[in-house]
Amino acid sequence: MNYDTPVLIVGGGGAGLTSSALLSTLGVEHTLVSALPTTSILPKAHVLNQRTMEILGDVGLAEPIFAKSTPAENMRYMGWYAGFTGDDPDFGRLITKVESWGCGYENLNWLQASSCRSANLPQIRLEPLMKARAEELNPGKVRFHHELLALEQDRDGVTARIKNHDTGDEYTVRARYALGCDGGRTIPKMVGIDIEGLGVLFHTATAHVSADLSKLAPDPDVLIRWIWCPSISEMAVLVPMGPDHWGPDSEEWVFHVSYQGEGPKNLTDQQIEENMRTALGIGDLPMKVHKITRWAVEGVLAKKFREGRVFLVGDAAHRHPPTGGLGLTSGIQDAHNLCWKIAAVLKGHAKDSLLDSYNAERRPVDARNIQRSMENSMAHLETGRAFGLNPAAKPDANWAQLKRIWSGNPEDAEHRRGALRAIRRISMEANELNVEYGYRYQSAAVVPDGTPEPQPIDDIRLYEPSTRPGSPLPHAWVDDESGKRRPLKDLVAPGRFLLIAGEEGQDWCAAAATIAAANELPVDAVRIGHIDGDLFDPRLAWAQFRGITTKGAVLVRPDRVVGWRSAGAAANASETLAGAFETILGRRVSVAG
């Protein structure tokens with residue numbers, strides 16, 4: 001069973017399955033192998049931000065995900081609570097709550113950012129949807145329980161030895177490129193890529209359980225509950241996991257509790273369950289424990305994302321603390337950045353040098369995401385200190401400190417202000433739209449236009465759309481002459497460039513058509529204006545952020561990132577645009593057939 005495939009994907013998690021689906025939509029033959037017999041058996045990551053949902057929408061997964069994910073009204077807030085339940089009437093008291101991930105798609109900043117709202121679906125239910133879609137798009141080539149045993153590469157490709165654990169057979173795959181999406185278990189060592197540990201913050205135990213908490217967990221609009229548990233002098237996290245109902249009526253929950261020092265590694269599952277029951281004050285409430293896991297809250301980053309013909313994607317390249325929901329989403333966005341480039345090279349549209357831009361573009365973004373995730377985790381510890389809580393103190397002392405937040409006593413007013421300020425600060429965890437969406441790539445696949453780096457109003461929370469090269473394409477609704485409305489992002493077809501010109505940008509559109517024909521490049525072109533054009537900007541949303549005049553143009557890459565722009569007309573539109581393509585694609589581009 002020896003055969004060739006252009007691309008071999010190793011790993012069947014979120015990054016690998018996204019890569020498979022994207023390559024299928026791009027018309028690239030490939031094979032995916034995963035050593036595991038099936039998809040994740042753990043809830044793991046669950047937040048899917050807007051840009052991630054756009055990418056999953058590209059491969060036909062957005063609607064199935066929205067159908068199973070948390071309804072918008074059940075993920076509007078994060079809440080902070082004084083304990084969960086107990087004899088004291090203040091147990092379970094809501095200290096405050098803050099908007100999370102666009103407040104159910106009501107926050108105007110989120111509405112302005114994308115036509116997709118954020119979603120929430122644990123990996124245990126997300127990955128089966130992704131696997132089914134990948135198999136539908138690439139029948140017979142998505143192979144679970146097939147383990148990579150060895151990988152060698154030369155100047156022309158990679159050779160992989162794989163074992164089918166269902167039959168015991170071994171076979172060889174020869175591929176042009178390999179994507180390491182296996183969480184870093186094998187590929188980095190095989191190709192000699194070192195991993196940098198960015199620090200362990202603390203250790204956590206997680207329990208995935210089924211329990212009826214409907215009478216104990218109020219506030220159906222709260223997605224994540226941060227619970228200060230005086231009985232164990234630690235903070236715990238409680239998150240509903242569905243699957244059929246959400247909010248307080250959720251059938252399943254995930255419970256996280258942090259441990260200082262050595263952490264939970266020496267604790268049995270029974271001890272961790274007992275700690276959970278004590279922390280929540282639920283006694284012998286009926287509960288089915290599906291799985292208990294122990295893990296370190298840490299940041300990990302590969303020193304490089306490419307070695308020859310092998311690329312690291314997702315958790316193989318970076319691992320994050322869960323705070324902020326940036327881990328899985330980063331991996332999906334890695335795949336989106338890389339797959340169109342591989343397709344362009346395989347189809348002869350670009351030189352192999354285009355693939356070097358993957359490391360240049362994604363590694364800084366992923367490094368920042370790790371930093372933000374770690375900052376979010378640290379902020380929770382700082383919030384505990386602002387509350388006056390002390391892990392070394394007795395439960396009664398910590399409970400007394402918590403009560404100062406709502407006592408109403410004049411002497412506690414400053415304490416209350418400090419506690420609420422700490423929560424407002426930590427609200428960035430679920431309000432970091434500029435981290436999720438506002439990054440800008442810098443690489444050889446982006447043509448600078450000489451404009452200064454913008455100074456954001458808020459580098460974390462406030463996303464300011466822009467067409468400065470390297471930026472994600474801003475969101476706008478556009479109409480055709482019949483009044484049919486669609487989001488601007490939908491004009492970018494899989495694997496194709498899109499030139500968007502102003503109302504009077506006919507020369508740019510003609511240049512795009514000439515270059516596409518002369519070089520067999522996948523390029524579409526359109527003029528967009530409020531009154532004139534091929535498509536129309538009814539709300540002036542595009543006019544607000546396009547950064548060009550009526551005679552200017554922007555060139556959007558297949559990953560919906562602006563690769564080049566010209567504020568106005570050019571003396572020779574064809575030569576100017578051809579130069580932009582040459583820079584991005586790393587090849588000679590002709591202006592005539």
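These figures come from a predicted structure and were not determined experimentally.
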- Task: Report the C-alpha distance between T39 and F144 in whole Å, list the side-chain angles of each, state the deciding distance to 0.1 Å, and finish with yes or no for side-chain contact (heavy atoms from CB on, under 4.5 Å).
- Result: CA-CA 8 Å; T39 52; F144 277 68; 4.0 Å; yes
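- Checked by atom type and distance alone, the side chain of N519 pairs as donor or acceptor with a backbone atom of I515 at under 3.5 Å.
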- Item | From CA spacing to verdict: side-chain contact (heavy atoms from CB on, under 4.5 Å), L22, H336 | CA-CA 7 Å; L22 286 169; H336 193 231; 4.3 Å; yes
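- Of the possible polar contacts, one joining the D334 side chain to the G314 backbone as a donor-acceptor pair under 3.5 Å is found.
- Not a single donor-acceptor pair under 3.5 Å links the side chain of E196 to the backbone N or O of A302.
- The shortest non-hydrogen separation linking A360 to S443 is CB-CB, 3.9 Å.
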Name the atoms and distances for all side-chain donor-acceptor pairs under 3.5 Å in residues 56-64, with sequence neighbours left out.
from, atom 1, to, atom 2, distance (Å)
D58, OD1, R560, NH1, 3.3
D58, OD2, R560, NH1, 3.1
D58, OD2, R560, NH2, 3.1

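- A ring pair (Phe, Tyr, Trp, His ring centres under 6.0 Å) check over residues 429-449, counting only residues at least two apart or in different chains, returns the pairs Y437-Y463, Y439-Y441.
- Between D490 and R485 no salt bridge is recorded (no basic side-chain N to carboxylate O distance below 4.0 Å).
- Classified by interplanar angle (parallel below 30°, tilted 30° to 60°, perpendicular above 60°), the ring pair H145/H165 is tilted.
- A salt bridge between K44 and E127 is absent, with no side-chain N of the basic residue lying under 4.0 Å from a carboxylate O of the acidic one.
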- Message: Show, in sequence, the C-alpha distance, side-chain angles and deciding distance for D154 and R174, and conclude whether the salt bridge (charged side-chain N to carboxylate O under 4.0 Å, His left out) test is met.
- Response: CA-CA 11 Å; D154 51 50; R174 178 72 176 168; 3.0 Å; yes
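- Atom CG of residue L148 and atom CD1 of residue I9 lie 13.0 Å apart, to the nearest 0.5 angstrom.
- In this structure, R185 contributes its side chain and D182 its backbone to a donor-acceptor pair below 3.5 Å.
- Closest approach of G11 to S34, counting heavy atoms only: C-CB, 4.3 Å.
- Counted by atom type alone, Q371 and E375 present one or more donor-acceptor pairs between their side chains at under 3.5 Å.
- Using a cut-off of 4.0 Å between Lys/Arg side-chain N and Asp/Glu carboxylate O, D459 and R368 are scored as salt-bridged.
- A side-chain donor-acceptor contact under 3.5 Å links R319 to the backbone of G183.
- Taking a cutoff of 4.0 Å between a charged side-chain nitrogen and a carboxylate oxygen, R372 and E432 qualify as a salt bridge.
- Side chain of T329 to backbone of L48: no donor-acceptor contact under 3.5 angstrom is found.
- Proximity of V478 to R486: side-chain heavy atoms (C-beta onward) are separated by under 4.5 Å at one or more points.
- Contact detail for G324 and N376: the closest heavy-atom pair is CA-ND2, 3.8 Å.
- Between R461 and D458 there is a salt bridge, since a side-chain N of the basic residue sits under 4.0 Å from a carboxylate O of the acidic one.
- Proximity of a side-chain donor or acceptor of N369 to a complementary backbone N or O of L326 within less than 3.5 Å is not detected.
- With hydrogens and angles disregarded, a donor-acceptor distance shorter than 3.5 Å links the side chain of H30 to the backbone of S20.
- To the nearest 0.5 Å, atoms CZ (R161) and CD (E147) are separated by 10.0 Å.
- You'll find the side chain of D356 reaches within 4.5 Å of the side chain of R306, heavy atoms only.
- The pair D352-R155 fails the salt-bridge criterion, with no side-chain N (NZ, NE, NH1 or NH2) lying under 4.0 Å from an Asp/Glu carboxylate O.
- A donor-acceptor pair under 3.5 Å links the side-chain atoms of R363 to the main chain of K303, judged by distance alone.
- A343 approaches V28 most closely through the heavy-atom pair CB-CG2, 3.6 Å.
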- Query: How far apart are the C-alpha atoms of I342 and Y358, what are their side-chain angles, what is the distance that settles it, and do they pass the side-chain contact (heavy atoms from CB on, under 4.5 Å) test?
  - Reply: CA-CA 10 Å; I342 288 178; Y358 170 62; over 6 Å; no
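- With W508 contributing its side chain and K551 its backbone, the two residues share a donor-acceptor pair below 3.5 Å.
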- Walk me through it: do E307 and M190 pass the test side-chain contact (heavy atoms from CB on, under 4.5 Å)? CA-CA 10 Å; E307 178 58 43; M190 287 181 176; over 6 Å; no
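- Geometrically, R309 engages Y177 in a cation-pi contact defined by less than 6.0 Å to the ring centre and at most 45° from the axis.
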